[in-house]
Amino acid sequence: MTIINRTGGVVDKQNFKFSDIIGKCIRPGREPLDYHMWEYNNKPEWYTPISLTDKARIADTVMDYAEMYVGQSMTGQGMTM
């Protein structure tokens, strides 16, 4: 995710890995698998399905990050609230 100021460009950037948020897919008798999405039938799909709870955890994590920047503005001396 990249936070961009319309006139100043990139303010901050953060990479989120699904495995950092919801862990790995545990498969009996096999190596754990990182959750990931792919294109299937011309639309994005989860390679290994995840629960609604996991989807909510991912969304909450991304929103928590974005909310740090809500209401902030750029000034000549840096960011202000």
Side-chain angles (χ1 to χ4, degrees):
M1 179 175 198
T2 303
I3 304 296
I4 299 172
N5 176 298
R6 286 182 247 175
T7 58
V10 174
V11 174
D12 196 17
K13 185 185 231 182
Q14 178 69 40
N15 291 323
F16 295 96
K17 291 176 68 178
F18 296 131
S19 60
D20 290 343
I21 301 169
I22 60 174
K24 293 183 178 267
C25 176
I26 305 300
R27 306 173 301 161
R30 299 171 74 183
E31 292 289 320
L33 176 71
D34 283 334
Y35 287 101
H36 62 280
M37 296 185 80
W38 65 340
E39 185 177 325
Y40 183 72
N41 289 332
N42 293 319
K43 61 181 183 176
E45 296 282 344
W46 286 97
Y47 180 76
T48 303
I50 67 171
S51 69
L52 289 176
T53 301
D54 286 339
K55 289 178 184 179
R57 287 175 60 198
I58 293 167
D60 289 345
T61 299
V62 173
M63 289 304 297
D64 286 348
Y65 171 75
E67 286 174 354
M68 292 189 308
Y69 297 94
V70 172
Q72 293 183 353
S73 63
M74 298 296 287
T75 66
Q77 300 172 333
M79 294 184 75
T80 61
M81 302 273 266

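Note that the numbering runs from 1 along the sequence shown for the chain. All values derive from a computational prediction rather than experimental measurement.
- Contact between Thr48 and Tyr35 at its shortest, heavy atoms only, is O-CD2, 3.7 Å.
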When the side chains of residues 7-26 are checked against the rest of the protein, which donor-acceptor pairs come out under 3.5 Å, sequence neighbours left out?
| residue | atom | partner | partner atom | Å |
| --- | --- | --- | --- | --- |
| Thr7 | OG1 | Asn5 | OD1 | 2.9 |
| Asp12 | OD2 | Tyr65 | OH | 3.1 |
| Asp12 | OD2 | Tyr69 | OH | 2.4 |
| Lys24 | NZ | Asp34 | OD1 | 2.6 |

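- Contacts of Asp60 classified as salt bridge (charged side-chain N to carboxylate O under 4.0 Å, His left out), with partners at least two apart in sequence or in another chain: none.
- Cluster membership check: Tyr47 does not share its hydrophobic cluster with Ile50, using side-chain heavy-atom separations under 4.5 Å among Ile, Leu, Val, Met, Phe, Trp and Tyr.
- Between the side chain of Arg27 and the backbone N or O of Glu31 there is at least one donor-acceptor pair closer than 3.5 Å.
- Closest of all the heavy-atom pairs between Glu45 and Tyr40 is CG-CB, 3.8 Å.
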Does the pair Asp54 and Arg57 meet the rule for a side-chain contact (heavy atoms from CB on, under 4.5 Å), with working shown?
CA-CA 5 Å; Asp54 286 339; Arg57 287 175 60 198; 3.7 Å; yes

